[in-house]
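Everything on this sheet refers to the single structure shown next.
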Protein chains: 2
Amino acid sequence: MSDQDSRTRSQSVADTLRERILAGEFAPGTRMQEIALAEELHVSRTPIREALRSLAEDGLLDYAANRGYRVRQFTARDIVISFRVRAAMEGLGCRLLAEQGLTEQQLQRLDAILQHGDELLANGDYAANEYAQWRELNRSFHVALLKFSESVLLKKIARDAMTLPIVNHGAFHWYRPEDFRRSHEQHHMIVKSIREHDGERAEWWMREHIRAAGEIVAKHL
Amino acid sequence: MSDQDSRTRSQSVADTLRERILAGEFAPGTRMQEIALAEELHVSRTPIREALRSLAEDGLLDYAANRGYRVRQFTARDIVISFRVRAAMEGLGCRLLAEQGLTEQQLQRLDAILQHGDELLANGDYAANEYAQWRELNRSFHVALLKFSESVLLKKIARDAMTLPIVNHGAFHWYRPEDFRRSHEQHHMIVKSIREHDGERAEWWMREHIRAAGEIVAKHL
DNA sequence: GGTGGCGCTATTGTATACATCTTTTTCAAT
DNA sequence: ATTGAAAAAGATGTATACAATAGCGCCACC
């Protein structure tokens with residue numbers, strides 16, 4: 001869903017509920033009832049209904065006609081598959097980017113992100129509050145690549161595969177210092193491959209990068 | 001969006017509009033205005049709004065807050081990428097199915113579809129009205145595999161990648177007799193590979209199968 | 001005591017009225 | 001004539017009333 005500019009109440013409600021669901025506030029199977037949510041969020045049922053519909057399309061809720069919405073159950077298998085999907089999709093994205101080439105401006109943007117990572121590594125401080133920075137750094141890297149792909153489909157799919165409760169929330173808490181280093185080195189290799197128009201390697205490195213992240217998550221399933 | 005049982009007006013409207021958009025009835029950029037559609041389809045704005053939101057999530061419409069919905073423009077590149085996405089996703093699906101194995105019942109279902117194809121080939125009548133049968137046959141084959149994967153994510157993504165105007169509507173009209181034959185043989189190879197638990201080959205054949213279809217479409221871009 | 005149907009209640013689906021925002025048109029001033 | 005603001009028209013966003021459906025408990029009946 002491509003929005004632009006101002007936000008409506010429906011969108012705000014959708015964002016709020018999405019965050020709360022991803023944070024694990026609602027147990028799987030919990031009914032999301034319109035009236036209760038409307039009262040809690042101080043809006044009418046209309047924006048609630050539209051938000052719930054969006055969340056269902058995102059795959060976060062199950063819907064049955066005349067029976068409403070329930071929080072979806074995600075199995076360990078769902079999580080594992082989501083990483084394989086991401087590996088395939090973002091890998092494909094990297095291959096396309098390498099084949100078609102990036103503008104100087106886009107490469108500079110990636111370099112800036114890489115440099116930021118270099119600095120974080122140099123400081124070598126992995127205290128709890130650093131996790132947030134790494135997560136944001138990682139997110140901006142992947143989002144930037146997706147954005148450069150200029151394919152609505154790729155962006156949408158990658159988003160779908162990243163929007164899962166456990167994955168979205170946790171993940172980096174399980175990284176050891178060497179995992180951060182390795183992950184960052186892979187970011188470098190990905191950009192290098194794209195810059196050299198080596199689609200094969202760009203795809204391979206991105207797949208390997210996401211596969212590694214998936215393995216760490218899978219261990220803590 | 002997982003529905004079940006009865007259909008609501010919102011869903012009917014969404015289906016109707018989806019079909020009409022996929023059939024190319026509305027030129028890209030056309031505004032989809034709620035009041036006009038409501039009057040045309042003899043329902044209130046409410047189900048129209050919900051349908052439009054669904055179609056936007058499907059990627060068929062663009063949305064801007066307070067400015068409504070427009071029919072999305074699909075570029076030739078979008079179409080090409082959609083086939084590469086499908087190749088990657090359905091290929092992954094086949095690999096998973098081969099790895100985990102299918103039940104006897106599921107294999108029988110696939111065999112039934114293959115046999116139906118054998119019969120169509122044997123008759124060798126490629127008249128215009130046969131296209132519909134081939135399309136349905138092909139659709140049921142791919143849908144069955146997706147369904148067996150038991151991954152909401154894979155199903156959703158494959159659906160996203162198949163829901164494009166040109167692709168959904170045409171495609172088979174451009175097939176020559178030998179294309180039908182080759183396509184059907186690939187179906188056989190895919191099932192054979194899955195049955196033998198050869199994930200590598202199952203994925204390869206599915207990728208090749210979709211890649212070939214993509215090339216035919218690309219020629220007529 | 002179990003089962004099946006009936007009706008009540010709670011919840012969702014739809015229509016419509018009202019609020020807000022966007023866009024167009026009008027009209028005056030330069 | 002052109003530009004700009006302001007008002008009016010049209011469209012979307014939100015709230016609410018009403019309709020329809022599903023879920024539940026009760027009671028009769030077997």
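Each chain gets a letter, A, B and so on, in the order the sequences are listed, and its residues count up from 1. Every value quoted in this text rests on a predicted model; they were computed, and no experiment measured them.
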- Taking the six-membered ring of A:F141 as reference, does the NZ or CZ atom of A:R139 fall below 6.0 Å from its centre and within a 45° cone about the axis? no
- Classify the angle between the aromatic ring planes of A:H142 and A:H187 as parallel (below 30°), tilted (30 to 60°) or perpendicular (above 60°). perpendicular
- Message: Students should find this one: the first and last nucleotides of DNA chain C, 5' to 3', lying under 4.0 Å from a heavy atom of chain B. What are they?
- Response: C:dG13 to C:dT23
- B:R84 and A:E99 ion-paired at < 4.0 Å: yes
- Note on the structure: By side-chain hydrogen bond (donor to acceptor under 3.5 Å, both in side chains), B:D179 pairs with (sequence neighbours left out) B:R176, B:R182
- Query: How about B:F180 and B:W134: are their ring centroids closer than 6.0 Å?
  - Reply: yes
- Message: With a 4.0 Å cut-off on N to O distance, would you call B:K155 and B:D160 a salt bridge?
- Response: no
Identify all pairs in which a protein N or O lies below 3.5 Å from an N or O of nucleotides 10-13 of chain D, and state each distance.
unit_1 : atom_1 : unit_2 : atom_2 : d
D:dA11 : O3'    : B:R31  : NH2    : 3.3
D:dT12 : OP2    : B:E34  : N      : 3.3
D:dG13 : OP1    : B:Y63  : OH     : 2.4
D:dG13 : OP1    : B:N66  : N      : 3.1
D:dG13 : OP2    : B:R49  : NH1    : 2.7
D:dG13 : OP2    : B:R49  : NH2    : 3.1
D:dG13 : N7     : B:R45  : NH2    : 3.0
D:dG13 : O6     : B:R45  : NH1    : 3.0

- Between atom CD of A:E215 and atom NE2 of A:H220, what is the distance when rounded to the nearest 0.5 Å? 11.5 Å
